[in-house]
Every structure is written in C-alpha cells, then in structure tokens.
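Encoded as structure tokens, here's the structure I'll be asking about.
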Amino acid sequence: QVQLVESGGALVQPGGSLRLSCAAPGFTLDYYAIGWFRQAPGGEREGISCIGYSDGSTSYAESVKGRFTISRDNAKNTVYLQMNSLRPEDTAVYYCAANLQRSSCALSPFYSYEYAYWGQGTQVTVSS
C-alpha cells in the first residue's frame, strides 16, 4: 500500500508563508505527476497545484496563482508547495496525491479520479 506523507502545516498569520512537503517512503515519486489538493471545513476538495515529470509542467488554480509555487526534488523524493501571502481563506487540510494517468500537468490536471495514492493531509490554519 503506497502512502504519501504530507508535512509542514501550521498556524500562521495572514500574509505569512509556509512550505509543505510531500514524501513517499518506499515509493519513488520521480515518474508521477504530483498534485496538491485542499479541503476546507464544510467545503469540497479543491485541486490547487500539480507538477508533471515528463515536461516539468506546473499548473495552479486561480485561487493560488501567483502566491503558491510547486516544485520537486527527485534526489530527496519530495514534492514541495511553497505558500506565500497566505489568507484566511487558505485555511484547509492540504493533501498531496500521485497521478497515475498523466505525465504532464499542462491541461486540466485536477481530476481526483486520476490520483491513485493520497496522503492523510496536513492542517494549514491562517488566522491572526
């Protein structure tokens, strides 16, 4: 059973920054597109960022574009989500997931059914 592990969530003030990490012990992330999703209390799960492996493509939801940056370090088998200028509406549980159906994130990469392996999430709370 493949289990991704998210870390880095915390309580942060509006305008602050956090970096989330997504690791996969015993599983190589190199050949998978990796997505970040989030789910706020009472809300639906939202795809917010994706990074491909074949073309280095990245994609962002409009709600985070210009504030969040996704990256990957294959040597460390880790995908990161750098989150800047955080807002209260960014409060959510953040999940990473491995996409088994695509190598690029260039087009519409946030269909949940494409992601086979998920982490258990890390809580991000933005509040003063």
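In this text the structure is predicted, and so the values were computed from the model without any measurement. What's counted below: heavy atoms across the whole structure, side chains too, no hydrogens, waters or symmetry copies.
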What about Y117 and V93, same hydrophobic cluster or not, with Ile/Leu/Val/Met/Phe/Trp/Tyr joined at side-chain heavy-atom distances under 4.5 Å?
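No; tracing contacts between hydrophobic side chains, which count when under 4.5 Å, never links both residues.
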
For the backbone of S103 and the side chain of S54, can you confirm whether one donor and one acceptor N or O come within less than 3.5 Å of each other?
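Such a contact is found between S54 side chain and S103 backbone.
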
Single hit among E46, E89, E6 for salt bridge (charged side-chain N to carboxylate O under 4.0 Å, His left out) with R38
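Considering E46, E89, E6, a salt bridge (charged side-chain N to carboxylate O under 4.0 Å, His left out) with R38 is found only for E46.
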
Hey, could you give me the OH/CG distance between Y113 and L100, rounded to the nearest 0.5 Å?
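Reported value, rounded in 0.5 Å steps: 13.0 Å.
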
For residues L20 and L4: do they belong to one hydrophobic cluster (side chain heavy atoms under 4.5 Å, members Ile, Leu, Val, Met, Phe, Trp, Tyr)?
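Yes, one cluster joins them.
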
Look at atom CD of E44 and say whether more than 12 heavy atoms of other residues, nucleotides or ligands are closer to it than 6.0 Å.
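No.
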
Show the nearest heavy-atom pair for residues G9 and V124, with the distance to one decimal.
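Answer, listing the atom of G9 first, then V124: CA-CG2, 4.0 Å.
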
Report yes or no: does Y60 contribute a side-chain atom to a donor-acceptor pair with the main-chain N or O of I70 at less than 3.5 Å?
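Flag set: sc Y60 to bb I70 pair under 3.5 Å.
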
Which atom pair, heavy atoms only, marks the closest approach of S104 to S57?
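Where S104 meets S57 most closely, the heavy atoms are OG-OG, 3.1 Å.
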
Using a 3.5 Å distance criterion without hydrogens, assess whether the side chain of S49 forms a donor-acceptor pair with backbone atoms of S59.
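Judged by distance alone, yes, a pair lies under 3.5 Å.
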
Is it true that F68 and V126 fall in one hydrophobic cluster, defined by side-chain heavy atoms closer than 4.5 Å?
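As far as the 4.5 Å side-chain criterion goes, V126 and F68 are connected within one cluster.
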
Q123 versus T91: any side-chain heavy-atom pair under 4.5 Å?
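Yes. Closest side-chain heavy atoms under 4.5 Å.
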
Which value, rounded to the nearest 0.5 Å, describes the distance between T122 atom OG1 and L81 atom CG?
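Answer rounded to 0.5 Å: 11.0 Å.
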
Please report the shortest heavy-atom distance between L86 and M83, naming the atom on each side.
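L86 and M83 have their closest heavy atoms at CD2-CB, 3.8 Å.
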
Short side-chain to backbone donor-acceptor contact, R102 and G52, under 3.5 Å:
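No, because the side chain of R102 does not come within donor-acceptor range (under 3.5 Å) of the backbone of G52.
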
Determine whether R67 and D90 make a side-chain contact, defined as any pair of heavy atoms from C-beta on separated by less than 4.5 Å.
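Of all side-chain heavy-atom pairs linking D90 with R67, at least one is under 4.5 Å.
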
Using 0.5 Å steps for rounding, measure from the OH atom of Y94 to the CG atom of L18.
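Nearest 0.5 Å value for the OH-CG distance: 9.0 Å.
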
Going hydrophobic residue to hydrophobic residue with side-chain gaps under 4.5 angstrom, can you get from W118 over to I51?
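The answer is no; the residues belong to distinct hydrophobic clusters.
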
Give the table of side-chain donor-acceptor pairs shorter than 3.5 Å for residues 21-37, with sequence neighbours excluded, one pair per line with atom names and distance.
none

Are V64 and V79 co-members of a hydrophobic cluster defined by side-chain heavy atoms under 4.5 Å apart?
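In one cluster: yes.
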
What is the minimum heavy-atom distance between P14 and S127, and which atoms define it?
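Minimum heavy-atom contact is CD-C, 3.6 Å.
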
How long is the straight-line distance from OH of Y111 back to CD of Q101, given to the nearest 0.5 Å?
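Here the rounded value is 11.5 Å.
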
Value rounded to 0.5 Å, distance of OG1 in T58 from CZ in R72
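That separation rounds to 11.5 Å.
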
